[in-house]
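Order of the sequence lines sets the chain letters (A, B, ...), proteins ahead of strands, with each chain counted from 1. Because only heavy atoms are used, hydrogens play no part in the values below, and waters and symmetry mates are left out as well, while side chains stay in.
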Amino acid sequence: MAEAKDIPVMEKIVSLCKRRGFVFQSSDIYGGINGFWDYGPLGAELKRNVKELWWNTMTRMREDVVGLEATIIMHPQIWKASGHVDTFSDPMSDCLLTKKRFRSDQVEPQSGIAYHFAGARDTASGRELNEPFSVLLPAGKPPESARRTAQLFYQQRGLAQAELLGERTEKVENSQRYNPENGALLTEPRPFNLMFKTYVGPVADEDNVAYLRPETAQAIFAQFKNVLETSRQKVPFGIAQVGKAFRNEVTPRNFTFRSREFEQMELEFFIRPDEAIEAICGTVATPSGPGHPGQPQPQWGWQMWHQYWVEERIRFYESIGLPRTSLEEYWQKPEELAHYARATVDLLFKFPFGTQELEGIAARSDFDLSQHQRCSGKSMTVFDEELKGAWAKLAPDTQRALADRYAAARKRYLEKTGLPTEAADKQAAEDASQLGRGYYVPHVIEPSAGVDRLILALITHAFREDEVTDEKGKKETRTIMRFHPRVAPVKIGVFPLLKNKPELVKRAEEIRDLLRPHFHVFYDEAGSIGRRYARQDEAGTPFGVTIDFDTLGETPELRDTVTVRHRDDGRQERLAVGDLLAWFGSRLR
RNA sequence: GCGGGCGUAGCUUAGUGGUAAAGCUCCAGCCUUCCAAGCUGGCUAUGAGGGUUCGAUUCCCUUCGCCCGCUCCA
């Protein structure tokens with residue numbers, strides 16, 4: 001939980017984000033819109049850098065991952081298959097008396113006598129209220145009890161001396177409309193849909209309903225076969241995607257942390273089922289302890305792959321300036337796991353408002369592809385030539401043992417979909433015999449990260465305030481955003497020492513133009529040099545280049561050298577202009 | 001969605017039923033030989049809508065947004 005002293009820190013960060021152009025409230029001039037945020041000039045650069053680094057790390061720097069960019073609106077059946085339509089829309093009801101909220105379909109059914117009231121009159125003021133209210137009493141309870149509850153209800157609405165009007169009774173069986181705790185009427189069930197709904201085509205009717213995707217992952221599953229067939233990849237391999245997702249969050253909170261429109265960076269990494277690995281390699285490697293397991297190996301089972309991706313992701317965060325110590329690894333307990341997940345690790349970051357999830361790395365078995373196979377009727381199996389060959393050479397006992405294990409796992413999935421035991425048995429046996437011929441539905445490891453959360457983590461982690469006392473003894477606070485150079489929105493500030501010396505300005509512009517094609521530079525000639533340094537510190541610019549009279553040759557041996565200033569400690573060093581590109585290149589990439 | 005708090009310039013704050021104030025920031029000019037120097041000038045605000053009133057930033061209502069708690073959290 002957030003501690004009181006931390007709240008002002010968050011406020012300072014929000015304020016800085018606006019002042020410096022990292023994050024603005026969406027639709028600000030119209031009063032804003034809850035749960036939506038825009039990135040300003042610095043924020044946009046920061047976010048671009050982060051997404052690009054993720055993309056390069058996950059796809060271009062690897063042999064075994066390819067990319068995808070899918071649409072935000074997809075066939076509504078996808079969300080049926082994924083389970084989002086069902087799990088994202090719970091009907092909710094509130095107790096009219098206590099405001100307590102219930103899942104409408106999970107209210108314990110009540111039977112008894114319902115006392116309906118049409119309204120009430122305040123005997124003191126004569127004011128009348130025509131708001132109906134009802135109380136359900138178990139059979140045999142005295143009616144007075146219902147009237148007292150109703151009076152409480154009308155008192156809450158400002159009638160001090162409520163005289164009940166229009167009382168009538170009704171026998172009720174197994175109703176979910178009343179609060180089991182006090183008998184008070186609940187509000188009408190209201191659907192609580194976390195998915196944004198829209199309509200495709202000009203006619204806004206139920207046949208044309210579609211949803212803005214609540215996660216990017218499903219597109220990867222839906223396009224699995226197309227990618228497999230065109231990318232010349234084979235299992236194990238991954239498909240990565242970066243893109244917007246939308247959730248109609250109940251309570252957007254904590255600045256950009258929980259937004260209604262947000263961006264995800266997701267990888268679905270497809271692997272062989274353990275039974276296939278055992279058939280091919282004779283064994284399945286499992287983790288021998290914590291830490292990075294090293295280069296992927298053919299005998300790795302899902303647990304190895306899972307741990308591998310957890311460690312890979314932590315390495316990524318380290319590479320952009322979030323040290324391991326700023327993160328927390330949380331292994332979800334069995335009872336917390338989603339029904340399809342075998343294991344999930346949350347990578348948490350210590351935000352000022354609490355330790356919160358940045359990324360989840362889930363081992364999702366073959367659930368997702370199986371769901372789409374079932375719902376679309378299209379096969380999601382891959383053919384694994386190596387498996388087919390290896391299987392044929394196995395002893396019959398081994399074949400049977402592996403097939404049985406595989407069948408048991410398939411059966412567990414099939415029964416969860418509601419298939420009767422007999423049918424599930426039959427289908428599972430069929431799936432197991434397919435395995436022996438080299439066919440299976442791949443399992444998947446899913447590292448899924450929130451871009452905007454990561455941006456917020458980088459901003460809060462970079463934020464530092466220093467108390468500085470100047471020569472006059474005046475105290476002031478200086479803010480430094482200590483971004484890792486790789487993610488910093490602006491890489492280099494370029495400054496002529498003085499603005500009113502044209503020869504300095506001219507040389508500074510030349511150096512700016514020298515660096516500009518390679519790095520994001522910001523040229524500034526306004527105000528004192530110290531002020532310009534301070535401005536760049538607040539933007540998180542890691543390096544400053546200052547052009548002075550020595551650059552022009554005032555001291556002959558320093559001709560064509562510049563001051564390079566380091567953001568975090570103010571350290572300065574003298575570098576030759578000709579060395580700048582290489583020097584920065586080695587520090588910014 | 002419920003309850004509480006808050007909403008004055010880009011930021012931080014002042015103030016009043018009767019001309020809306022300041023510091024910082026920002027912009028322009030002058031000046032300035034390395035860490036928010038100085039001088040001059042300038043832009044910019046009562047979240048939105050309605051009501052009461054001769055007159056509302058101030059009082060009332062509604063609404064939007066932010067913060068805290070509850071609820072929710074695939």
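With C1' as the reference atom, rA56(B) and rU46(B) are 11 Å apart, rounded to whole Å. The P atoms of rG17(B) and rU13(B) are separated by 22 Å, rounded to the nearest whole Å.
Residue Arg574(A) places its side chain closer to rC34(B) than to any other of rA36(B), rC34(B), rC31(B). With rA37(B), rU32(B), rC34(B) as the choices, the nucleotide that has an atom nearest any side-chain atom of Arg531(A) turns out to be rA37(B). For Arg478(A), the side-chain atoms get nearest to rA36(B) when compared with the rest of rU32(B), rA36(B), rC34(B). Here the side chain of Trp37(A) is nearest to one of rA36(B), rG10(B), rC66(B), namely rC66(B). Closest contact between the side chain of Glu554(A) and the listed nucleotides rU33(B), rG65(B), rC11(B) involves rU33(B). Side-chain proximity of Ser528(A) to rC70(B), rA37(B), rC34(B): nearest is rA37(B). Nearest to the side-chain atoms of Ser15(A) among the listed nucleotides rC34(B), rC11(B), rC66(B) stands rC11(B). For Lys18(A), the listed nucleotide lying nearest its side chain is rC11(B); candidates were rC35(B), rU33(B), rC11(B). Distance from the side chain of Arg20(A) is smallest for rC26(B) among the nucleotides rC35(B), rC26(B), rC66(B).
For the 3.5 Å distance criterion, the side chains of Arg574(A) and Thr561(A) qualify, holding a donor opposite an acceptor.
Residue Asp537(A) is classed as having no contact, given no heavy-atom separation below 4.0 Å to the nucleic acid. Contact annotation for Arg567(A): no contact, since no heavy-atom pair falls under 4.0 Å across all strands. Here Phe24(A) lies out of heavy-atom contact (under 4.0 Å) with every strand.
Between the side chain of Asp548(A) and the base of rC34(B) there is at least one donor-acceptor pair of N/O atoms closer than 3.5 Å. Checked by distance alone, Arg565(A) brings no side-chain donor or acceptor within 3.5 Å of a matching partner on the base of rC34(B). Counting atom types as modelled, Thr563(A) pairs a side-chain N or O with a base atom of rC34(B) as donor and acceptor under 3.5 Å. Applying the 3.5 Å distance criterion, the base of rC73(B) shares a donor-acceptor pair with the side chain of Arg258(A). Between the base of rC34(B) and the side chain of Tyr533(A) there is a donor-acceptor pair shorter than 3.5 Å.
OP1 or OP2 of rC64(B) has not a single side-chain nitrogen or oxygen of Asn34(A) nearer than 4.0 Å. The phosphate of rU32(B) has OP1 or OP2 within less than 4.0 Å of a side-chain N or O from Asn500(A). Between Gln25(A) and the phosphate of rC66(B), there is a side-chain N or O to OP1/OP2 separation shorter than 4.0 Å.
Checked by atom type and distance alone, the side chain of Arg213(A) never pairs as donor or acceptor with a backbone atom of Ala245(A) at under 3.5 Å.
rC30(B) atom P lies 13 Å from atom CG of Leu498(A), rounded to whole Å.
Counted within 6.0 Å of NZ on Lys506(A), heavy atoms from surrounding residues, nucleotides or ligands total 12 or fewer; the atom is thus considered open.
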- Going through the distances and angles, do Phe270(A) and His443(A) end up as a ring-ring contact (aromatic ring centres under 6.0 Å, His included)? CA-CA 6 Å; Phe270(A) 299 97; His443(A) 287 230; over 10 Å; no

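Ring orientation note: the planes of Phe353(A) and Phe351(A) are close to parallel, at an angle under 30° on the 30°/60° scale.
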